[in-house]
Structures are given as C-alpha cells and as structure tokens.
Amino acid sequence: MIEAIILDWAGTTVDYGSRAPIIAFKNAFAHYGIELSEATIRQDVGLDKMTHVRKMLQEPAIAETWEADHHDIPLATAAEKIYHQFQIEISKVLTETAQLKSGMTDLIRFADEHHIQLATTTGYTQTMLDQILPLAADQGYHPRYNITSEQTNHIGRPHADMVNLAMAKLNVTDPNHVIKVGDTINDILEGKNAGTFSIGVVDGGNLIGLSQSEFERLNIEDQDRYQAKATAILKEAGADDVVNNIADLIPLIESINDHQQEMPLLLTPGPLTTSRAVKETMLVDHGTWDDDYKELTQWVRHELVALGHASDEDYTTVLMQGSGSFGVEAALGTAVPKQDATLLIAANGAYGERMTEIADYLAIPYVVVDVPEDQTVTLSAVQTVLEQHPEITHFAMVHCETTTGILNPIETIIPVLADKGIVTIVDAMSSFGGVPIDLTALNVDYLVTSSNKCVQGVPGFSIVLAKRETLDLTQGNARSLALDLYAQYRCFEDNAGKWRFTSPTHVVYAFAKALHELNEEGGISARFRRYSTNESLLRQGMNDLGYELVIDENVQSPIITSFKYPIADFNFRAFYEYLKDRGFIIYPGKVSKCDSFRIGNIGEVSASDISRLLNLIETYTKDTLQLSVAR
Ligand SMILES: *Cc1c(COP(=O)(O)O)cnc(C)c1O
C-alpha cells in the first residue's frame with residue numbers, strides 16, 4: 001500500500017509552468033548584465049539553487065561575459081553575488097506563483113481519505129519555502145514535512161538524501177510504499193535513487209515550460225506534442241510512470257495498491273489479470289433458467305463468431321463448462337468418429353502433448369508430428385507425415401504454444417489440409433482475442449479457446465468455435481456424456497441459449513463484460529497492438545538486463561515470453577517471491593531442454609506495468625544476483 005507521497009513544489013504542485021525560478025534567475029543574472037535564455041535556465045531546474053547558479057556560471061559563454069564585464073570579481077564570488085540577487089528576486093515572485101495547480105485539491109482529498117501522508121522536497125531554501133508554505137496552507141495544502149537540502153548537509157537532488165529524510169520523519173521504511181513526484185529530470189532521478197516509485201508530472205511542469213494561458217491557447221495537436229515530448233524525457237530519465245495532471249496519480253495509486261495488496265498483477269498465461277469492472281460483475285447472483293441469461297448466452301455466442309470474422313450461418317459457438325482442456329477434449333472426442341478415423345497431432349510443446357494424452361484416454365487412433373519445442377510446426381513436416389499415413393482423417397495443432405510462447409503458422413497449414421478434406425482442430429486457447437484470427441479464411445472446422453485467456457474473463461468455461469456443416473455430422477460420436485459437443489450445441493440451438501447442466505453464471509456475465517471491454521479497446525487488432533507493445537518492451541528490457549530468450553524473436557508470440565535462467569544456480573523460487581511481494585506474479589518455465597521462466601504479456605496489463613516490473617528485475621539482478629547490467 002502506498003503510505004506516502006513526496007512532492008516537489010514549483011511546476012509540480014504550485015506555480016504552473018514553473019515560472020518563479022525562471023523569472024528570478026533571469027532577473028538575477030540581468031542585474032549583472034547577463035541575458036539568460038529560458039532554455040539555459042530550464043536545463044537544470046530542480047537542483048538546489050546555489051548549485052544551479054554555479055552550473056550556469058560554468059557555461060563558457062556566460063563565464064566569458066562575466067569575466068569581460070566584471071574582471072575585478074572572480075567567478076567563485078560571482079556565484080554568491082548572483083545567488084544573493086536570486087533570493088531577492090524570487091521573494092518578489094514567489095507569492096504570485098504560489099497558486100495550487102489544478103488537480104491538487106483532488107489529490108489532497110484522496111490522500112486524506114486513504115491516510116496517505118504528504119511531504120515535500122525542494123530545490124528552494126528554507127527562507128524561500130517559508131514564503132510559500134502559508135500561501136499553500138491557505139489553499140488547503142499542508143504537507144507534514146518539508147525538506148530542503150539545508151537539512152541534508154546541502155546534499156540535494158539528484159541524490160536520495162532529502163527523500164530519505166522525509167521518509168524517516170514520516171516513519172515510512174519501505175520505499176515500495178512511497179511515491180516521489182516531480183516535473184524535472186532531477187526529480188525523477190531523486191526518486192529512482194531513493195528506490196521509491198518515481199512519477200513524472202507533465203502539465204504545468206518545467207519541461208513544457210509554458211504558463212497556463214500560453215498552454216491553453218495551443219491547439220490540441222500541439223498540446224499533445226508538448227505532452228508527448230515531456231513524457232518521453234521523463235521516461236528516458238527512468239520515471240516509472242508519467243501523468244499529465246497531478247490528479248491522474250489517484251488511479252495510478254489505486255492500481256499500485258491493488259497489485260501490492262489483495263490483487264497482484266498476474267503476468268501469467270491465464271487466469272490473467274482482469275479489470276475491476278469484470279470482477280465486479282460477479283457480485284450479483286443469477287439463475288440459469290432466466291431468459292435474460294439465455295439471451296446473454298446467445299449474444300456471447302454470436303459475438304465470438306463475429307470476433308472470428310465469420311458469419312453465424314457458417315460458424316457457431318459451443319460453450320462448455322470447465323477449463324480450456326475440457327473444450328479440447330470435447331472437440332477431439334466429438335469431432336473424431338468412433339470408426340474409420342485417424343487423428344494427426346502436431347506437437348511442439350506441452351499443449352500439443354496434452355492432445356496426444358486426450359487421444360490415449362479416448363482411444364482415438366493417432367499419429368504425431370513431433371517438432372522441437374523451440375521450432376514452429378511447418379506445413380512440409382505435416383505433409384510428410386500425411387503422405388506416409390493416408391488413413392488420416394483429422395488434424396489437430398496448437399496456435400500459440402504457451403509452453404514457450406511460440407506462434408505456429410496456422411494460416412499456412414490449416415487451409416491446405418481443409419482443402420484435402422481433412423477435418424481440422426486448432427487449440428487457439430492462449431491466442432484467440434489477442435491475435436487476429438479469421439475463421440473463414442482458415443476454413444477451420446474447430447477452434448478452441450477459453451473464458452480466461454485473451455478475452456480477459458475469469459476461468460469457468462471453454463469455447464469451441466465450430467463450422468456448422470462439420471459439427472452437424474457429429475451426432476453420436478462423443479465418448480463422454482458431459483463433454484458431448486454435439487449435444488451441447490443442440491441444447492443451445494433448440495432452447496434459445498440454454499446450457500446443458502449447471503453453467504458458470506457469474507463467469508458468463510463477467511465474460512460478457514470482458515467482450516464489451518474488448519470492443520471498447522478497439523477490438524482484437526487494438527488488443528494485439530497492446531500485447532505486442534508489452535511483449536517488445538519486456539523482451540528488450542530483459543535483454544538489456546542480460547536475460548536470454550528461449551526461442552527466436554521471429555517466432556515469438558505477443559502472449560508470453562520465456563527467458564533462460566541468468567545463472568546456472570538461479571533460485572527461481574526466491575526471484576518469484578521477491579516479485580510477488582512487490583505485486584507481480586510470474587510463471588515457472590515449461591520447456592524441457594533448458595531451465596527457464598515465463599512472463600505473460602496478456603490481461604489487463606499496460607506498458608507502465610511492464611516498466612515497473614523491469615525496474616524491479618533490474619534491482620534484483622544487480623543487488624541480489626550481483627550481475628552487472630547494461631541498462
Ligand atoms: C491455457 C491453455 C490450455 C488449457 O489449459 P487449462 O489449464 O485446461 O485451461 C490449452 N492450450 C493452450 C495452448 C493453453 O495456453
């Protein structure tokens with residue numbers, strides 16, 4: 001839980017555009033005949049002011065001007081003189097610029113309600129701060145402690161000392177429970193050095209550097225451009241996240257709290273992190289007999305066919321109680337007739353293997369195309385086996401093999417086999433909803449997924465998308481009553497969406513909510529982009545930290561990524577616990593040929609979650625594993 005927020009002053013909480021120090025520096029140097037550009041001043045804002053003066057005086061052009069005009073006064077003394085003048089100038093402007101920025105009142109109220117303590121650190125001196133504090137207090141802002149570098153032996157930003165002192169005074173010991181917020185690079189570095197969450201604020205900050213009226217006069221595109229540029233600079237400095245308005249910290253804190261507390265972020269291949277709204281849907285109980293529920297079931301069935309780019313005329317959805325494997329078993333056990341049929345299974349991981357186990361249990365005759373785990377299934381490998389086994393009537397393969405995260409090219413294999421009259425079954429469990437799939441173009445007969453993968457629902461049922469003309473011929477095939485896909489299909493069709501047997505009502509409502517959220521996000525292509533961004537950030541970030549991939553990046557799916565252990569005697573359990581304590585659940589590896597672990601990119605997970613994860617792994621890699629990292 002976040003216990004404290006440590007805030008900067010000018011540009012962050014007061015003084016929109018961080019005008020006060022700029023005006024005062026300009027006037028102080030002008031007093032000695034030196035014209036400073038705003039850009040020169042803004043470069044190092046956030047430092048303590050004496051350091052800042054010295055830094056500017058070191059600029060060759062400024063130093064030369066000083067020496068030409070004031071050759072009787074050495075540079076060292078110049079800094080003191082200008083600094084003295086700065087103190088006079090800033091007093092004149094501090095009071096005009098002490099207005100709280102928009103959003104602060106909301107943040108203060110939120111902090112109050114959640115017992116989050118507020119403190120500040122600043123590049124101002126105590127004398128300057130003493131002018132601002134009563135004005136801020138008049139506006140309802142009373143941080144408990146206000147730290148200047150005078151209290152830390154003049155060690156200011158970017159060092160951690162001021163934040164450390166604030167934490168000590170607030171009696172907060174764990175930096176994972178603290179957020180440091182500021183508008184400058186030095187602010188971000190200060191938070192990073194203290195090990196807190198380091199969050200940047202863009203609107204009204206130094207990096208945009210415009211007054212409120214100047215900013216508001218810009219058109220939307222220009223505002224976006226300024227914001228994007230400032231965001232990029234703060235991120236580059238290592239910010240864990242960057243917000244526009246300071247009130248945007250509120251949802252960020254809620255999400256950090258969720259993840260640190262009762263709701264960790266699952267970076268797993270499903271069940272995965274669902275949205276709060278999806279979870280909240282399950283707070284209401286529903287009967288299975290109800291017409292609304294049956295209608296909802298019909299809508300879900302229709303919506304899934306549409307997501308697969310197919311028509312309800314050609315394809316249908318059969319929902320099946322149980323986890324994803326129940327759907328695979330129902331599909332295999334119903335699709336393959338009891339006589340005169342042989343199944344070909346392509347396997348390059350645990351889920352392909354599982355289909356062979358199912359075939360064993362159901363006594364389905366089968367042949368396997370065995371492919372190494374780090375390679376994709378290819379059409380030529382499948383065709384070779386087909387030629388050797390003319391008795392083959394059915395073919396099954398996995399799309400994203402979650403064992404490694406490899407993506408098999410179903411689009412080059414399935415249509416070819418379908419053309420040969422072979423009935424095709426695809427386990428697209430971990431990809432449907434997150435990777436675009438066109439059922440019609442694939443001409444696939446059965447495609448299986450589940451409620452708890454990329455549509456981002458909770459576990460409870462599996463989903464079989466089936467070609468009607470194929471499914472219509474399967475009456476009496478099933479080896480199991482409960483997993484009879486045909487009987488389940490007929491029940492839905494003949495009774496307007498009625499499930500056979502008790503159905504997971506709460507899960508279905510949550511899933512319908514998740515489908516709406518998928519549409520709101522922009523459909524599968526938008527979700528695919530988000531997952532792909534997560535995956536590439538993760539892969540590149542981990543690479544920079546020295547972690548190697550198990551499979552080639554060209555065959556990598558955006559779903560889940562496998563990494564080799566960084567050292568031979570890597571203690572995965574300890575690594576797992578370290579991340580779990582900080583709100584992230586990752587997954588052990590499943591490949592047989594090397595020691596690995598996996599990190600999922602799917603679910604309600606954003607780029608900023610991945611960047612927070614990478615910061616934790618960086619710390620762990622350096623401090624616990626004692627490995628040097630390039631990042
Ligand atoms: C998740 C998953 C399954 C189903 O596993 P369950 O534990 O039964 O839900 C099947 N195949 C793949 C590729 C998967 O990722």
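Note that ligands are numbered from 1 as they come in the structure, with each ligand's atoms numbered from 1 the same way. Values below: all heavy atoms of this structure, side chains included; hydrogens, waters and symmetry mates excluded.
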Is the [X] ring parallel, tilted or perpendicular to the [Y] ring (thresholds 30°, 60°)?
X      : Y      : value
Phe492 : Trp499 : perpendicular
Tyr620 : Tyr578 : tilted
Phe511 : Phe461 : perpendicular
Tyr547 : Phe570 : perpendicular

Quick one: which ligand 1 atoms are inside 4.0 Å of a heavy atom on [X]?
X      : value
Cys400 : 13 (C)
Ser325 : 4 (C), 5 (O), 6 (P), 8 (O)
Ser430 : 15 (O)

Once you restrict to heavy atoms under 4.0 Å, what part of Pro459 touches ligand 1? Side chain, backbone, both or neither.
neither
Ligand 1 contact on Glu401 by region, counting heavy-atom pairs under 4.0 Å
neither
Of the protein's non-hydrogen atoms, which lies at the shortest distance from [atom], and what is that distance?
atom                    : answer
atom 13 (C) of ligand 1 : Thr402 OG1, 3.2 Å
atom 9 (O) of ligand 1  : Gly324 N, 3.1 Å
atom 3 (C) of ligand 1  : Met429 CG, 3.3 Å
atom 11 (N) of ligand 1 : Asp427 OD2, 2.6 Å
atom 6 (P) of ligand 1  : Ser323 OG, 3.5 Å
atom 7 (O) of ligand 1  : Arg354 NH1, 3.9 Å

Sub-4.0 Å heavy-atom contact, Lys453 with ligand 1:
yes
Does Gly327 have a non-hydrogen atom less than 4.0 Å from ligand 1?
no
Side chain to side chain contact (heavy atoms under 4.5 Å, CB included), paired with Asn534, selected from Val605, Asp609, Thr561:
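Result: among Val605, Asp609, Thr561, Val605 is the only option passing the side chain to side chain contact (heavy atoms under 4.5 Å, CB included) with Asn534.
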Cation-pi between Arg573 and Tyr576: NZ/CZ under 6.0 Å from ring centre and within 45° of the ring axis?
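Checked: cation-pi criterion met.
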Kindly indicate, with the supporting measurements, whether the criterion salt bridge (charged side-chain N to carboxylate O under 4.0 Å, His left out) is fulfilled by Arg468 and Asp472.
CA-CA 6 Å; Arg468 283 186 193 264; Asp472 283 337; over 6 Å; no
For the backbone of Lys564 and the side chain of Ser596, can you confirm whether one donor and one acceptor N or O come within less than 3.5 Å of each other?
no
Measure across Ile2 and Ile256 and return the closest heavy-atom pair with its distance rounded to 0.1 Å.
CD1-CG2, 3.8 Å
